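We number each residue from 1, following the sequence as shown. Source: prediction; values computed, not measured.
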Amino acid sequence: MCNGHHRPLFRGSPPPYQTSVPENGAASVVDNLRGRLEETELRLAQVRAREAELSRLLEEMKRLVSVMEILENYLKRQYSDRQEYVVRLLSPVSRK
């Protein structure tokens, strides 16, 4: 598949084929991983906050759409009632 061309999993980490890491290198790798974890947790918190905000906005939009649908139905009914009223006013009165 990759034919031996592996990219390091983490910046500063030893290649997969290296089995031992010098002590000072290990500390550097651990520090690097801690920093990356911190960054990832920060990004995750930001994404979760954004998701919460978008969810709130979505719910608000759903409520707005519901109100608009209610108003639309009300106005259609009013229009139909007025139209029927005008038709009755303008229709000839039946004489018996």
Partners passing side chain to side chain contact (heavy atoms under 4.5 Å, CB included) against L64 (at least two apart in sequence or in another chain):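 Expected list: M61, M68.
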Please list, chain by chain and in numerical order, all residues satisfying side chain to side chain contact (heavy atoms under 4.5 Å, CB included) with E53, sequence neighbours excluded.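 Result, side chain to side chain contact (heavy atoms under 4.5 Å, CB included) vs E53: R50, R56, L57.
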Carboxylate-amine/guanidinium proximity below 4.0 Å for K62 and E59: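 A salt bridge is present here (some side-chain N lies under 4.0 Å from a carboxylate O).
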Sidechain N-carboxylate O distance under 4.0 Å for E38, R34: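 Between R34 and E38 there is no salt bridge, as every charged N stays at least 4.0 Å from the carboxylate O atoms.
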Could I get the full list of salt bridge (charged side-chain N to carboxylate O under 4.0 Å, His left out) partners for E69, not counting sequence neighbours?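 Checked E69 against salt bridge (charged side-chain N to carboxylate O under 4.0 Å, His left out); zero matches.
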Enter the distance from [X]:[atom1] to [Y]:[atom2] here, rounded to the nearest 0.5 Å.
X: N73; Y: Q78; atom1: CG; atom2: CD; result: 12.0 Å
X: E41; Y: Q46; atom1: CD; atom2: CD; result: 12.5 Å
X: L37; Y: L44; atom1: CG; atom2: CG; result: 10.0 Å
X: S66; Y: L71; atom1: OG; atom2: CG; result: 11.0 Å

Between R82, K76, R77, E84, which is the residue that forms a side chain to side chain contact (heavy atoms under 4.5 Å, CB included) with S80?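 When R82, K76, R77, E84 are each tested with S80, the side chain to side chain contact (heavy atoms under 4.5 Å, CB included) holds only for E84.
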